[in-house]
Novice: 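Have a look at this one before I ask anything.
Letters A, B, ... mirror the listed sequences (proteins, then strands); counts begin at 1.
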Protein chains: 2
Amino acid sequence: MTGPTEPRTRSRRSVERPPVTAAMIVEAATALTAEGGLEGWSTRQLAGELEVWPRVIYHHVGDRDAVADAVADRVVGRIRVPEPGLPWRQWFEELLLGGREVLRGYRGVARRLVRTGPILPSALAIMDRGVLVLRDAGFADGATAAYRYLTNSAYLLVAVEDDRAEHLPDARARLAVTLAAHRDDPEHSGLAEVGRAVMGRGADDPGAIRAVEEEFYAYTVARSLDGVGMLLGDRA
Amino acid sequence: MTGPTEPRTRSRRSVERPPVTAAMIVEAATALTAEGGLEGWSTRQLAGELEVWPRVIYHHVGDRDAVADAVADRVVGRIRVPEPGLPWRQWFEELLLGGREVLRGYRGVARRLVRTGPILPSALAIMDRGVLVLRDAGFADGATAAYRYLTNSAYLLVAVEDDRAEHLPDARARLAVTLAAHRDDPEHSGLAEVGRAVMGRGADDPGAIRAVEEEFYAYTVARSLDGVGMLLGDRA
DNA sequence: ACCTGAACACCGTTCAAGT
DNA sequence: ACCTGAACACCGTTCAAGT
């Protein structure tokens, strides 16, 4: 109903401010993503942030999907590509542990990264290096599959972490209650096992939760590296 | 504006039809999910399908999230739990390959399954058996982590397959073009590697695409089983 | 208890002009 | 070329009654 600016001096933006550019739109969208995730803002909010009408977004960048792709590309571009020459296992440990730090700051980008893959130019650049690292390590024809497997494993786990943070802040509590109900239940001794494993940690303290998440992420990366490592005959 | 029925005889549902129940709502939502995925229907469409006003959904089941949870629980309940007594590796191969068949019929459920985990009663029942299988195989305290890792690896991959089917029907073509541009590019020899791997397959034919997806899913399951297997000292 | 209408506060996207 | 207004066709959810 009312325009995007509030004092409504009508020509305020066009007179007092530089014209909006595509870069400014992506910049603002990236900031909104840092706050509420890639699905946490609307095109209308983004337009409001820049004090323009929604139509301007379409003019400079495109629809919501195009803006989201641009944000994802920017964020993935911040992932540091490890030094070439490192042993393949260490190269991927650095990429995947470092990548998580970047991606978790922009919820929803991990999911999009895995979905679109090397369609994002920044993801393509990383893949280029990673496949070479694996080829040099002796994976031969299997380098592409191994690369997809390793990055999928890790970044998909980041995507679930994002999902849980976004949708179910109380899910841990619900789960704890469910599992506690089966603790010492002889009919479901598998669940009792899980219950003991989950309850042992301080499930209340957010710091402890983060530590458990990080531990499971490291576990995931390690198991996946072990899994592809066996293709080389690495039986360490 | 107009009511949910079209002939608009106003009392049609209440006179000619049995009252709507929670089970009917979940049934209809499951059918809509089979058609367009878990995010592919709205509460208003669901109400329209049952020829009632949207408010009725809330009365019997709850909000959109509650309906989606109920659908996910129903779908996960259709996953066949393998025989106990199978070797652990074979038990998980059957669970994860069979689970994919069920989940792919209801796009979006895999993502929700991984996000909510054993909060879904049907997922809890499977976890109960799976953790026991791993404990009996000798994983001891590591059974819970191994269970989460194995099911995450597999079902998260199903979730991306769903995502790609839903959001980017033309993504394969875009990727093929991107990679083809770097084929035989000496500056990006890693990408050339990928290009050769991707182009080798008939990327046009949908049957070939499905076969490639299935092959990568089997690869993922195998590598993840290898990865946790190393924890047992399985160096086959 | 179950359902009807209608409303509230949003979406993404597009049309048709304006400067 | 860039931006304004306004509209179109949707959302999920809730209010206030009706039977």
Side-chain angles (χ1 to χ4, degrees), chain A residues 1-26 28-29 32-33 36-71 108 112 166-167, chain B residues 1-26 28-29 32-33 36-71 108 112 166-167:
Chain A
M1 304 297 154
T2 79
T5 68
E6 228 10 282
R8 283 297 334 273
T9 30
R10 198 191 168 298
S11 56
R12 197 178 151 206
R13 159 154 284 287
S14 47
V15 171
E16 295 176 19
R17 310 222 184 173
V20 170
T21 62
M24 285 167 67
I25 291 169
V26 176
L32 286 175
T33 300
L38 202 52
E39 312 304 323
W41 49 264
S42 66
T43 54
R44 297 171 107 106
Q45 278 171 27
L46 176 56
E49 206 76 18
L50 294 160
E51 298 185 9
V52 294
W53 291 84
R55 187 66 186 75
V56 177
I57 308 293
Y58 288 79
H59 187 267
H60 288 286
V61 182
D63 62 14
R64 202 194 182 288
D65 214 55
V67 179
D69 268 343
V71 169
R112 206 177 185 89
E166 218 141 315
H167 292 283
Chain B
M1 305 296 157
T2 80
T5 68
E6 227 11 281
R8 283 297 332 277
T9 30
R10 197 191 169 301
S11 55
R12 196 178 152 207
R13 158 154 286 288
S14 47
V15 171
E16 295 176 20
R17 310 222 184 170
V20 169
T21 62
M24 286 167 66
I25 292 168
V26 176
L32 286 175
T33 300
L38 202 52
E39 312 302 324
W41 50 264
S42 67
T43 53
R44 297 172 108 105
Q45 278 171 26
L46 177 56
E49 205 76 20
L50 294 159
E51 298 185 10
V52 294
W53 289 84
R55 187 66 185 74
V56 175
I57 309 292
Y58 288 77
H59 185 267
H60 288 286
V61 181
D63 63 14
R64 201 194 183 287
D65 215 54
V67 179
D69 267 344
V71 169
R112 205 177 186 89
E166 219 141 316
H167 292 282

Novice: Closer to the 5' end of DNA chain D via nearest nucleotide, is it B:Gly62 or A:Thr21?
Specialist: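 Upstream on the strand: A:Thr21.
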Novice: Could you tell me the separation between the CD1 atom of A:Ile25 and the P atom of D:dC2, rounded to a whole number of Å?
Specialist: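 After rounding, the reported distance stands at 11 Å.
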Novice: Looking at the side chain of B:Arg64, which of C:dG12, C:dA1, D:dT13 is the nearest nucleotide?
Specialist: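 Of C:dG12, C:dA1, D:dT13, D:dT13 is nearest to the side chain of B:Arg64.
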Novice: Tell me which of B:Arg44 and B:His60 sits closer to the 5' end of DNA chain C, going by the nucleotide each one is nearest to.
Specialist: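 Counting from the 5' end, the first nearest nucleotide belongs to B:His60.
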Novice: Among D:dG12, D:dC2, C:dT4, which is the nearest nucleotide to the side chain of B:Arg55?
Specialist: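 That would be C:dT4.
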Novice: Main chain of A:Val20, side chain of A:His60: is a donor-acceptor contact present, judged purely on distance under 3.5 Å?
Specialist: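 Here the side-chain-to-backbone pair exists.
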Novice: Please determine, for the side chain of A:Pro19, which listed nucleotide (D:dT13, C:dT14, D:dC3) has the closest atom?
Specialist: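 Nearest listed nucleotide: D:dC3.
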Novice: To the nearest Å, give me how far apart CG (B:Leu46) and C1' (D:dT13) are.
Specialist: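 Roughly 14 Å, once rounded to whole Å.
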Novice: Got a second to check how far B:Asp69's CG is from B:Leu38's CG, nearest 0.5 Å?
Specialist: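 Those atoms lie 9.0 Å apart.
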Novice: With a 4.5 Å heavy-atom cut-off, do A:Leu46 and A:Ile57 have their side chains touching?
Specialist: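 A:Leu46 reaches A:Ile57 side chain to side chain.
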Novice: In dot-bracket form, 5' to 3', how is DNA chain C paired? Count Watson-Crick and G-U wobble pairs only if both distances fall under 3.5 Å, and write | where the partner sits on another strand.
Specialist: ||.|||||...|||||.||
Novice: So A:Val56 and A:Glu51, do their side chains get closer than 4.5 Å, heavy atoms only?
Specialist: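 A:Glu51 does not reach A:Val56 side chain to side chain.
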Novice: Using the P atom as the point on both nucleotides, what is the distance between C:dA9 and D:dA9, in whole Å?
Specialist: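 One P to the other, the span is 23 Å.
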Novice: Can you identify which nucleotide, out of C:dC11, D:dT13, C:dA1, has its nearest atom closest to the A:Ser42 side chain?
Specialist: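 Between C:dC11, D:dT13, C:dA1, the one nearest the side chain of A:Ser42 would be C:dC11.
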Novice: What integer distance in Å separates A:Glu39:CD from D:dC11:C1'?
Specialist: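 Spelled out: CD on A:Glu39 to C1' on D:dC11 is 15 Å.
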Novice: Under 4.0 Å between a side-chain N/O of B:Thr43 and OP1 or OP2 of D:dT13, yes or no?
Specialist: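 Looking at the OP1 and OP2 atoms of D:dT13, neither is under 4.0 Å from any side-chain N or O of B:Thr43.
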Novice: Counting only side-chain nitrogens and oxygens, does B:Gln45 get under 4.0 Å of the OP1 or OP2 atom of D:dC10?
Specialist: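 For D:dC10, neither OP1 nor OP2 has a side-chain N or O of B:Gln45 closer than 4.0 Å.
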Novice: Rounded to the nearest Å, what distance is computed from the CH2 atom of residue B:Trp53 to the P atom of nucleotide C:dA7?
Specialist: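 Computing the B:Trp53:CH2 to C:dA7:P distance gives 11 Å.
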